[in-house]
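Heads up: numbering here begins at 1 and tracks the sequence. All values below were derived from every heavy atom in this structure, side-chain atoms included, with hydrogens, water molecules and symmetry-related copies excluded.
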Amino acid sequence: MATQKLYAGAKLREMRNRIGLTQKDFAAKLGVSLPYLNQMENNNRPVSTTVVLALAQEFGLDVTELSSGDSERLISDMREAMADPVFADDVPPLADLRLTASNAPALARAFLSLHRAYRQTHERLASLDEALGRADARIQASPWEEVRDFFHYCDNYIDAVDRAAERFSGSGDTRMNAEAALQQIGVTLTLRDMEGLRAYDPETKVLALSHRSAPQTRLFQMLLQLALLRYGDLLEATLDFAKFQTEEARSIAKIGLANYFAGAALMPYTRFLEAAQSCRHDLELLAIRFGASIEQVAHRLSTLQRPGAKGIPFFFVRVDQAGTITKRHSATRLQFARFGGACPLWNVHRAFETPGRFLRQLAETPDGVRYISLARDVSKPGGSFGAPVRRYAISLGCEVSHADALVFADGLDVTQASAFEPIGISCRICERQHCHQRSVPPLERRLSVDTNERSVLPYRVN
């Protein structure tokens with residue numbers, strides 16, 4: 001198999017600007033001519049092995065950053081946006097989307113923002129929303145979407161917050177450290193019979209936690225509140241960098257960063273990565289060792305993307321019983337639908353049928369990439385008789401090339417092509433011609449309809 005050439009012009013320009021060098025000085029440090037560097041930055045030439053080595057030696061760069069980042073996410077997001085019926089007659093080929101994502105990522109993001117604005121306006125009109133008649137009606141991302149995209153394009157790894165949480169945890173007991181840290185800043189901790197999980201009174205400095213919740217949930221909420229009180233400046237600095245458009249988005253993101261700190265403190269990066277590798281990513285063993293829930297462990301595994309010390313690139317997703325994605329992240333080439341639900345052939349949907357059990361699946365996406373996926377239902381009781389129970393299903397997975405490092409891959413024959421089930425992202429951008437679960441036709445394919453025949457679908461995908 002021929003070695004794939006690495007085109008990373010946008011990433012190379014970004015690194016040079018971050019370092020603060022001109023093209024001439026940057027070329028000199030890399031040992032290449034100015035025209036050669038200019039051609040690489042414009043993707044007219046691939047990044048050579050000599051340049052890759054020079055980046056590592058001269059600047060201590062984690063060279064995996066060159067081949068990772070936003071490109072695959074942008075391509076997936078643009079394909080889904082192009083699946084909108086408004087583009088039905090003008091869908092560009094996949095090759096053009098790849099060129100845009102690699103050569104003009106800022107243009108790709110601007111297009112996605114424009115399409116998102118169009119969708120919001122269309123939905124408002126369709127539902128007779130009065131927002132267009134109000135003075136404060138603006139075309140912009142919803143706060144929730146803006147925060148979701150922030151974490152999505154940060155690779156779900158926030159270095160400064162992650163390292164601060166790791167320093168806080170040290171090598172001691174996390175619960176004792178948290179209780180001591182709260183006491184140092186004058187916070188009184190108490191347990192109450194309450195419906196919510198956490199309540200903090202700034203005037204009395206009393207932090208109340210619900211005794212109805214599980215011990216790991218109480219510890220997580222304790223760490224979350226500690227992040228807000230003790231590490232507020234760090235969180236605010238990160239929020240300033242993100243430049244959110246609204247105060248609502250900034251507030252939601254602050255809670256998200258505090259949640260991130262809590263997870264990183266509960267499962268400190270280095271210790272957690274070493275433990276995960278040692279037990280071959282056994283979620284149950286990791287949950288016991290770090291006093292966390294299965295969902296917390298799965299989510300933490302998907303964030304292990306620290307430059308120079310990366311773990312396995314996992315995807316992580318949580319869906320509700322209607323199939324709506326409520327949490328999503330992928331450090332792999334697999335990207336999730338931004339709108340609507342996930343592919344119904346994915347095992348995450350079957351997890352609701354087998355509560356308390358892990359389901360394994362070997363799956364292949366239309367691009368030919370093969371994955372191993374682990375799914376399980378997650379129930380969150382209300383804490384009293386008659387209280388509603390929230391039910392979700394989570395899935396954790398990675399490319400099958402990492403199967404040897406996964407305990408949940410044992411016993412699966414990853415060498416047989418027939419063992420892999422075909423899955424997609426969403427029906428509108430899935431190119432599979434024969435899928436018994438297809439809900440709508442793919443917009444990039446032509447259809448033929450024969451009124452004298454009827455198969456699983458009332459049409460054929462050409």
Output all residues satisfying side chain to side chain contact (heavy atoms under 4.5 Å, CB included) with [X], sequence neighbours left out; order by chain, then residue number.
{"X": "Pro268", "result": "Glu166, Ser169, Arg271, Phe290"}
{"X": "Ala110", "result": "none"}
{"X": "Arg370", "result": "Glu364, Val400, Ala417, Phe420"}
{"X": "Ala292", "result": "Leu266, Met267, Gln296, Val297"}

Flag the pair His329 / Phe316 as yes when their ring centroid distance falls below 6.0 Å, and as no otherwise.
no
Measure from the ring center of Phe150 to the ring center of Trp144 and say whether it is less than 6.0 Å.
no
In the structure I gave you, are the side-chain heavy atoms of [X] and [Y] within less than 4.5 Å of one another anywhere?
{"X": "Cys398", "Y": "Ile372", "answer": "yes"}
{"X": "Leu359", "Y": "Leu374", "answer": "no"}
{"X": "Ile294", "Y": "Val378", "answer": "no"}
{"X": "Ile312", "Y": "Leu406", "answer": "yes"}
{"X": "Phe244", "Y": "Ile252", "answer": "no"}
{"X": "Arg175", "Y": "Met222", "answer": "yes"}
{"X": "Leu97", "Y": "Pro92", "answer": "yes"}
{"X": "Phe26", "Y": "Leu37", "answer": "yes"}

Kindly give the heavy-atom pair with the smallest separation between [X] and [Y], and that separation in Å.
{"X": "Asn347", "Y": "Gln361", "value": "N-OE1, 2.9 Å"}
{"X": "Trp346", "Y": "Ser395", "value": "CZ2-OG, 3.6 Å"}
{"X": "Ala393", "Y": "Ala351", "value": "CB-CB, 4.0 Å"}
{"X": "Cys435", "Y": "Leu345", "value": "SG-CD1, 3.9 Å"}
{"X": "Leu112", "Y": "Ala81", "value": "CD2-CB, 4.1 Å"}
{"X": "Leu304", "Y": "Leu273", "value": "CD1-CD1, 3.9 Å"}

Set of residues satisfying side chain to side chain donor-acceptor pair (under 3.5 Å) with respect to [X], sequence neighbours excluded:
{"X": "Thr303", "result": "Arg300"}
{"X": "Tyr157", "result": "Asp159, Arg306"}
{"X": "Arg318", "result": "Glu295, Thr326"}
{"X": "Asp367", "result": "Thr365"}

At what distance, to the nearest 0.5 angstrom, does [atom1] of [X] lie from [atom2] of [Y]?
{"X": "Ser373", "Y": "Phe315", "atom1": "OG", "atom2": "CZ", "result": "4.0 Å"}
{"X": "Ile325", "Y": "Tyr392", "atom1": "CD1", "atom2": "OH", "result": "14.0 Å"}
{"X": "Gln23", "Y": "Asn38", "atom1": "CD", "atom2": "CG", "result": "5.0 Å"}
{"X": "Ser302", "Y": "Leu396", "atom1": "OG", "atom2": "CG", "result": "7.5 Å"}
{"X": "Gln184", "Y": "Leu229", "atom1": "CD", "atom2": "CG", "result": "13.0 Å"}
{"X": "Ser418", "Y": "Asp413", "atom1": "OG", "atom2": "CG", "result": "8.0 Å"}

Should we say atom CG of Asp233 is surrounded by more than 12 heavy atoms from elsewhere, each under 6.0 Å from it?
no
Apply the test side chain to side chain contact (heavy atoms under 4.5 Å, CB included) to residues Asp173 and Asn177: give CA-CA distance (whole Å), side-chain angles for both, the deciding distance (0.1 Å), then the verdict.
CA-CA 6 Å; Asp173 181 86; Asn177 288 347; 5.7 Å; no
Check: [X] side chain, [Y] main-chain N or O, donor-acceptor pair, under 3.5 Å:
{"X": "Ser278", "Y": "Glu274", "answer": "no"}
{"X": "Tyr269", "Y": "Ala309", "answer": "yes"}
{"X": "His349", "Y": "Ala322", "answer": "no"}
{"X": "Arg328", "Y": "Val317", "answer": "no"}
{"X": "Arg360", "Y": "Phe408", "answer": "yes"}
{"X": "Ser113", "Y": "Arg109", "answer": "yes"}

Pairs meeting criterion side chain to side chain donor-acceptor pair (under 3.5 Å) with involvement of residues 397-410, two or more places apart
Arg280-Asp410, Arg333-Glu399
Determine, stepwise, if the pair Leu301 / His281 fulfils side chain to side chain contact (heavy atoms under 4.5 Å, CB included).
CA-CA 8 Å; Leu301 285 172; His281 302 86; 3.8 Å; yes
Apply salt bridge (charged side-chain N to carboxylate O under 4.0 Å, His left out) to Asp240 and list each qualifying residue two or more places apart in sequence or on a separate chain.
Arg250
Tell me, which pairs form a salt bridge (Lys or Arg N to Asp or Glu O under 4.0 Å) where one or both residues lie in residues 24-33, sequence neighbours left out?
none
Going through the checks in order, is the side chain to side chain contact (heavy atoms under 4.5 Å, CB included) test met by Leu223 and Phe168?
CA-CA 10 Å; Leu223 292 166; Phe168 164 77; 3.8 Å; yes
Using the side chain to side chain contact (heavy atoms under 4.5 Å, CB included) rule, take Glu284 and Phe358 through it: C-alpha gap first, then chi angles, then the decisive distance, then the call.
CA-CA 10 Å; Glu284 291 176 296; Phe358 284 105; 3.6 Å; yes
Would you be so kind as to tabulate the donor-acceptor pairs closer than 3.5 Å made by side chains of residues 253-263, with sequence neighbours excluded?
| residue | atom | partner | partner atom | Å |
| --- | --- | --- | --- | --- |
| Lys254 | NZ | Glu236 | OE2 | 2.8 |
| Asn259 | ND2 | Ile255 | O | 2.8 |
| Tyr260 | OH | Ile158 | N | 3.2 |
| Tyr260 | OH | Asp162 | OD2 | 2.7 |

Does a side-chain N-to-carboxylate-O contact under 4.0 Å join Arg116 and Asp149?
yes
